[in-house]
K.L.:
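One structure is given below, represented as structure tokens, and several questions about it will come after.
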Amino acid sequence: MKIGVFVCQCGENIGKTVDCVGVAKSCASIPGVAVSMEYKYMCSDPGQNLVKQAIADNGLDAVVVAACSPHMHEKTFRKAANGAGINPFLVEIANIREHVSWIHDDVPSGSLKATDLIRSAVEKVKNNAPLTTIKVPVTKRALVIGGGISGIQAALDIANAGYEVVLVEKEPSIGGHMSQLSETFPTLDCSQCILTPRMVEVYQHPKIKLLTYSEVEAVDGFIGNFKVKIRKKARSVIDEDCNGCGMCIQKCPTKKKAYSEFEEGMAFRPAIYVPFPQAVPNIPVIDRSVCTFYKTGKCKICETVCGRKAIDFMQEDTILEEEIGAIVVATGFKLYKITKPEPGSPYEGYGEYGYGEYKDVIDGLQFERMASASGPTAGEMKRPSDGKEPKKIVFIQCVGSRDESKGFSYCSKICCMYTAKHAMLYKHKVHDGEAYVFYMDIRSGGKMYEEFVRRGIEEDGAKYIRGRVSRLYEENGKIIVKGEDTLAGVPITIDADMVVLATAMVAQKEAPKLAQILGIPYDKHGFMSESHPKLKPVESSSGGIFLAGAANAPKDIPESVSMASAAAAKVMILFSSDILEREPVIAQVDESTCVGCFYCQKVCAYNAVERKEIKDRNGKLIKVVAYVNEGLCQGCGTCNATCPSKSVELIGFKDEQIFAQICALNEI
Amino acid sequence: MKTGYYPGCSLEGTGKEFDISLKRVLKDLDVELEEVDDWSCCGASSAHGVNHVLSLALPARNLTQAQNQGLTNIMAPCAACYNRLLSTQSSLMKDKVVKAEVEDLLEDKINGNLEIINVIEYFQKIGVDKIIEKKKIDLSWLNVACYYGCLLVRLGDAGKFDDEEQPTSMEDIVAATGAKPIDWNFKTECCGAAHSISHTEIVESLTKKILDNAMAHDADVIVLACPMCHSNLDMRQLNIKKHHPDQKEIPVLYLTELIGMALGIDGEELGMDKHFINTRQLLDVQQQKKVRKV
Amino acid sequence: MSGHHSHKDPLLEEIEHLTSQNTSVCYQCGKCSAGCPIRDFAEESPNKIIRYIQLGLYEKALKSKTIWLCASCQTCTTRCPQKYDLARLMDALRQLAIKKGYKPDRAVYKFHKAFLKQIKDHGRSYELGLVRDYKLSNIASLTLFQDMDVAPTMLLKGKLGILPHNIKGKKAIEKMFKKYYDKKGDE
Amino acid sequence: MAENSFEPKITAFVCNWCTYTGADLAGTSRLKQQTNARLIRLPCTGRIDPVFIMKAFQNGADGVLVSGCHPGDCHYNAGNFHARRRWAMFKEMMDFLGIDNKRLHFSWVSASEGKKWVDVIDGVINTVREQGPFTQYKDINKETEIPVK
Ligand SMILES: Cc1cc2nc3c(=O)[nH]c(=O)nc-3n(C[C@H](O)[C@H](O)[C@H](O)COP(=O)(O)OP(=O)(O)OC[C@H]3O[C@@H](n4cnc5c(N)ncnc54)[C@H](O)[C@@H]3O)c2cc1C
Ligand SMILES: Cc1cc2nc3c(=O)[nH]c(=O)nc-3n(C[C@H](O)[C@H](O)[C@H](O)COP(=O)(O)OP(=O)(O)OC[C@H]3O[C@@H](n4cnc5c(N)ncnc54)[C@H](O)[C@@H]3O)c2cc1C
Ligand code: SF4
Ligand code: SF4
Ligand code: SF4
Ligand code: SF4
Ligand code: SF4
Ligand code: SF4
Ligand code: SF4
Ligand code: SF4
């Protein structure tokens with residue numbers, strides 16, 4: 001092998017404290033080095049030409065450049081060498097600027113170190129093999145899971161960039177929690193008014209395939225090349241035939257058989273229903289657990305009244321398969337319920353607040369529905385027990401959140417804001433009412449957020465009391481609230497007409513299951529984990545899978561939307577080329593020596609190691625070995641260091657390469 | 001195997017009727033207890049309040065007594081004793097250093113295998129069916145407020161036998177007697193038992209709130225399972241009446257007394273004549289029902 | 001890679017040792033105080049007591065009447081969102097107050113002492129003796145004679161034994177107390 | 001070489017994303033250091049095989065430093081976690097071979113910790129210098145069967 005060594009002076013940057021001429025001279029005597037030269041600015045055009053020329057003149061096979069950090073110019077020199085016909089992976093960099101000249105003043109010892117580093121690079125390059133970047137084709141079709149505001153935003157952004165999107169929502173309608181909100185902080189604009197147009201846009205978008213009442217069942221493959229199985233649950237209504245006239249809903253006799261999920265249990269719905277009037281798609285679904293026909297075999301009134309013959313009692317779940325290039329997970333959150341915990345649940349309920357026994361103790365979403373003009377009380381403040389207007393209302397913040405003893409250590413981030421909103425909405429509706437807010441801290445970091453909270457206190461007269469409530473109980477039609485004002489140091493008891501609990505935003509119950517299907521990590525609370533908390537907040541750790549909105553952590557609407565657009569941008573970056581090029585630094589298994597212990601599989605954080613069956617000519621299974629999926633492997637090399645039989649090696653950083661470097665540095 | 005019995009000091013004194021009624025009722029239910037040999041005081045809140053190691057050593061002595069007697073479980077009817085015995089065993093098993101210190105004082109070893117139960121758990125074990133089966137008197141005219149107090153359910157890390165905030169186990173037993181357990185708000189509110197003698201003014205105020213809430217929810221009687229709570233809720237009504245002449249009285253019964261009433265046992269045999277608040281009226285109705293039934 | 005070893009006040013270390021907990025976990029939410037039965041009778045709220053400790057104002061905590069009024073009901077401990085066992089802190093502070101010579105609430109302290117004396121002398125608590133001893137040590141406090149009203153009734157109803165019940169293992173208990181106090185010094 | 005002028009050879013195995021970049025930063029900030037360390041850049045500390053360390057000692061390194069991202073900050077999610085689990089094993093192996101633990105060091109240096117890098121590397125060099133030259137490599141060669149190249 002003929003190797004060329006090129007020592008850069010970087011003007012005075014290297015030249016001043018490293019004897020470049022001397023170094024180049026002594027490197028010439030390293031076995032295998034055919035030419036060794038120095039130059040003032042190696043990265044400049046003349047410098048690069050010098051390298052190219054030397055390659056051509058000497059018929060070099062490999063190149064070592066001793067210059068600045070590889071993070072600066074590795075790419076530059078790989079490209080230059082490639083221009084002269086050398087495989088880019090036969091170029092190694094010795095960092096003699098950041099790691100030598102800039103940190104050492106002593107010329108002799110600095111020069112010695114520079115020589116050592118070059119020798120180490122030379123020995124490594126001798127063991128390098130020509131490699132080609134990995135090219136994977138990209139299916140330019142995105143899957144968005146979850147149709148809340150985050151999923152809607154991501155789907156629209158990607159679709160508007162011209163790519164196809166499959167949007168999967170598990171409920172009968174898209175819209176998520178935002179569709180339940182009355183007005184939104186910090187502007188108090190109507191939630192439905194800004195959301196509905198976007199829902200409709202999704203429905204009408206030619207590039208978006210909307211699958212509601214559907215769930216992702218399996219995901220195979222890797223970045224650019226996923227295969228996704230989606231279960232479309234039986235609606236009992238044929239989508240294509242239904243025109244959303246609503247006759248079936250009107251005539252269904254089971255008017256009060258089920259609590260409306262959308263109204264948070266404060267109203268009823270029949271067996272056949274759409275969650276709310278603006279639902280998208282406006283196609284009803286039959287809840288088979290409630291429908292008289294499914295229970296007794298009689299009724300079918302809906303079928304009779306349906307002019308479009310759209311009811312299909314025999315409909316079954318269908319499984320769709322989709323080819324997908326990138327995935328956005330936007331499955332949102334759930335609100336913590338204070339009811340008694342289910343057996344086996346790691347979370348404690350709120351016994352001291354009555355485990356949800358008292359009718360006039362409601363949660364934030366129930367308040368949203370009560371405040372909403374289209375809600376069960378048509379926007380009037382009427383407490384659930386007797387429909388009276390509450391004159392004294394107490395809001396309690398941090399219920400569930402920041403409560404280690406209930407299992408949730410984190411702050412839910414939005415409840416300070418929505419409580420302030422609730423107090424304001426209440427005061428706007430009940431002018432002679434009193435609103436008290438029990439809080440621990442007010443967290444209102446955001447544009448116009450603090451000003452919003454102050455307005456609630458200063459203009460609308462909400463009374464804020466710093467302290468956690470110890471107990472709630474019902475006495476004579478009042479909810480007795482036992483608190484302490486920790487600022488004044490006095491106990492406070494309030495006989496409230498209604499109490500609203502700002503309960504924690506928690507992960508979807510099924511989120512861990514979905515994360516496992518996708519092969520992405522989730523935190524101990526069930527929120528999907530980002531790849532890096534600062535620099536890769538929308539990437540999951542699996543290539544091609546991105547996160548948006550409250551599925552990742554408690555978030556408000558502006559944050560959810562920004563994250564969704566960011567995730568969409570990441571998808572578009574991926575889709576902007578037909579093929580994906582990746583450094584070939586990936587692990588590779590030697591099937592002949594692999595003993596199939598799968599320790600490598602256990603340590604791989606990317607699920608990149610798969611099982612592969614080796615069969616003989618007759619199809620008889622000989623053994624099962626590890627196989628590294630190129631698309632998933634990120635090249636960390638952990639498997640390599642773990643393998644007891646040394647059967648999996650990280651290309652570019654193989655054992656021989658590192659050994660060669662070690663030996664070169666420590667010549668006895 | 002018999003259940004070990006740790007009556008505790010109060011059941012020899014102020015809580016005598018708890019002991020009397022318990023033993024009387026068990027006779028009718030055909031179950032027997034075996035008293036822990038030469039048991040000593042558990043130190044209650046006094047030792048606990050001022051001295052950590054002693055607060056463990058005193059109950060621990062009873063654990064070793066029971067162990068040495070070959071018992072596998074101890075039933076302690078007094079909520080304070082129950083709490084002390086249970087948490088002592090649990091904390092000694094968790095903290096080896098303190099365990100060694102205590103064992104040094106005791107000159108004996110703790111094995112940590114005793115099952116420590118309270119009177120409610122004990123009746124759960126005997127089975128509510130047995131009460132229903134042996135029931136002789138209709139108590140459906142009686143509204144009962146079940147009072148747990150604080151120590152019975154707040155066991156910290158030591159264990160859990162019922163919900164800390166909304167317990168219902170006593171209600172289940174009361175329902176088996178035929179009486180009607182009512183819903184009320186102060187069943188786990190503290191009556192200040194620790195200050196029973198030292199700060200009567202506090203105890204009076206706390207007790208009054210509890211009594212008033214029970215009566216506001218139409219309770220005819222308060223039923224409980226702790227001699228300390230009993231002396232507060234029963235005896236203190238006299239003091240309260242001194243300061244609040246209009247205060248209504250409400251009889252306070254031990255759970256065992258209520259069970260005894262349902263089994264048709266005479267009030268005197270249950271020690272119900274020892275209360276400060278008269279139980280005569282209750283017993284009269286009980287007698288009428290008895291006569292009518294015959 | 002060594003951990004941080006911040007310097008801690010010896011008194012704080014003793015408190016944390018006695019309670020086996022880190023005082024800093026309390027975030028001063030006041031939920032303990034809000035549910036405390038003696039809150040209305042105490043000038044300083046229970047959460048203030050732990051705040052004093054956090055601020056290093058140990059004397060204020062040890063002098064506070066609140067630690068003596070605490071009824072050991074565990075309500076605070078049961079409901080603390082940070083799982084801080086405040087009842088145990090109250091125990092520890094009472095012990096420390098005695099040890100450091102701070103004046104305890106007379107009524108409470110004398111009661112505890114009288115109670116323990118009964119156990120030491122008899123192995124069980126002998127209530128008449130307890131009331132007697134307790135009263136004797138509290139001549140100054142007139143209000144406490146109130147209880148004498150009920151004592152005769154109790155005697156009549158057979159609820160107070162006239163003679164103490166001495167257990168067989170009485171000697172062993174006495175020895176236990178002695179051994180303990182010899183080691184720790186009388187408190 | 002005289003005892004007082006002994007200059008140890010240190011081989012440092014560092015991850016590309018955190019420590020290598022941190023060392024770059026020390027360079028850009030012109031933070032002066034002793035010249036004894038030679039860095040070997042690996043994608044992740046998870047790639048570091050115990051054999052690398054043995055190999056370095058066998059070939060005459062006087063000290064070894066392993067440094068990567070802070071726990072929880074690993075560029076590859078969990079590589080440094082696996083590395084840390086292995087480090088405990090290294091220590092045992094060192095004991096077994098009778099190599100003083102003062103010759104093998106571990107640290108976390110992030111991409112922004114140029115100053116920390118200097119402190120770490122100078123600390124390691126000074127500690128190893130105090131140990132004197134490492135001469136037992138021949139014994140190790142006998143005891144272990146890793147062939148020396
Ligand atoms: C009481 C209350 C008041 C609020 N008020 C405001 C406010 O005034 N201003 C503000 O900015 N924010 C407010 N918020 C926050 C706001 O609701 C959230 O920021 C927003 O809803 C997050 O949107 P998302 O799309 O990420 O999640 P979601 O709205 O939860 O949507 C997630 C969607 O994914 C679907 N899904 C879940 N799992 C799956 C699955 N496995 N497969 C397919 N689909 C799935 C769900 O059905 C849902 O439709 C409030 C929140 C609450 C609780
Ligand atoms: C003391 C302090 C500590 C912090 N600690 C943390 C932390 O621990 N974690 C964390 O996540 N965040 C932290 N932050 C916040 C973090 O610094 C910011 O979030 C981040 O720097 C924002 O990045 P930016 O690019 O938006 O703005 P900037 O960092 O301000 O960058 C803006 C750039 O634009 C240039 N510029 C300005 N005007 C013009 C113009 N007209 N034309 C051309 N160029 C222009 C500026 O020169 C500058 O280079 C901290 C902030 C402070 C002040
Ligand atoms: S290659 Fe690097 S070291 Fe050389 S001149 Fe360019 S910047 Fe300077
Ligand atoms: S199913 Fe039929 S009746 Fe019902 S909305 Fe659709 S078209 Fe109308
Ligand atoms: S068949 Fe079911 S859904 Fe249809 S009208 Fe009857 S109850 Fe309603
Ligand atoms: S946002 Fe406010 S109310 Fe919600 S958990 Fe955080 S501090 Fe508590
Ligand atoms: S660790 Fe090595 S031997 Fe084991 S399965 Fe993986 S590659 Fe094969
Ligand atoms: S190199 Fe890392 S990412 Fe690739 S297979 Fe091995 S452990 Fe997994
Ligand atoms: S409840 Fe717990 S965290 Fe809150 S103030 Fe009391 S001790 Fe502190
Ligand atoms: S244990 Fe003491 S401080 Fe805690 S709630 Fe009970 S009385 Fe109050």
K.L.:
Among B:Ile202, B:Leu206, B:Leu106, which residue forms the greatest number of heavy-atom pairs with chain C at distances under 4.5 Å?
P.N.:
B:Ile202

K.L.:
Quick check on B:Asn278: does its CG atom have over 12 non-hydrogen neighbours (other residues, nucleotides or ligands) under 6.0 Å away?
P.N.:
yes

K.L.:
Check each atom of C:Asp85 against the heavy atoms of chain B and say whether the ones under 4.5 Å are side chain, backbone, both or neither.
P.N.:
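Neither part; nothing is under 4.5 Å.
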
K.L.:
Side chain from CB out, backbone as N, CA, C, O: work out which of these in C:Cys70 comes under 4.5 Å of a heavy atom of chain B, or both, or neither.
P.N.:
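When you check distances to chain B, only backbone atoms of C:Cys70 fall under 4.5 Å.
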
K.L.:
Hey, which of C:Ser20, C:Pro37, C:Cys73 has the most heavy atom pairs under 4.5 Å with chain B?
P.N.:
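Answer, by heavy-atom pair count under 4.5 Å with chain B: C:Cys73.
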
K.L.:
First locate atom CZ of C:Phe41, then atom CD of B:Glu201, and finally report the distance between them rounded to the nearest 0.5 Å.
P.N.:
7.5 Å

K.L.:
If you draw a 6.0 Å radius around NZ in C:Lys65, do more than 12 non-hydrogen atoms from other residues or ligands fall strictly inside?
P.N.:
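Count not over threshold, so no.
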
K.L.:
If you count heavy-atom pairs within less than 4.5 Å of chain C, which of B:Glu189, B:Glu107, B:Gln65 leads?
P.N.:
B:Glu107

K.L.:
Find the distance between OG1 (C:Thr77) and CG (B:Leu155) and round it off to the nearest 0.5 Å.
P.N.:
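One finds 12.0 Å between OG1 of C:Thr77 and CG of B:Leu155.
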
K.L.:
Is it the side chain or the backbone of C:Thr75 that comes within 4.5 Å of chain B heavy atoms, both, or neither?
P.N.:
both

K.L.:
So, are B:Glu165 and C:Arg79 salt-bridged, with charged N and O less than 4.0 Å apart?
P.N.:
yes

K.L.:
First locate atom CG of B:Asn83, then atom CD of C:Gln74, and finally report the distance between them rounded to the nearest 0.5 Å.
P.N.:
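Between B:Asn83 CG and C:Gln74 CD, I get 6.5 Å after rounding to 0.5 Å.
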
K.L.:
Using a cut-off of 6.0 Å, state whether more than 12 heavy atoms not belonging to B:Glu269 lie near its atom CD.
P.N.:
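Yes, CD of B:Glu269 has more than 12 neighbouring heavy atoms, counting only those of other groups under 6.0 Å.
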
K.L.:
Roughly how far, to the nearest 0.5 Å, is CD1 of C:Ile38 from NE2 of B:His195?
P.N.:
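Reported value, rounded in 0.5 Å steps: 6.5 Å.
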
K.L.:
Answer with side chain, backbone, both or neither: which region of C:Leu69 has an atom nearer than 4.5 Å to a non-hydrogen atom of chain B?
P.N.:
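It is both, since atoms from each part get that close.
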
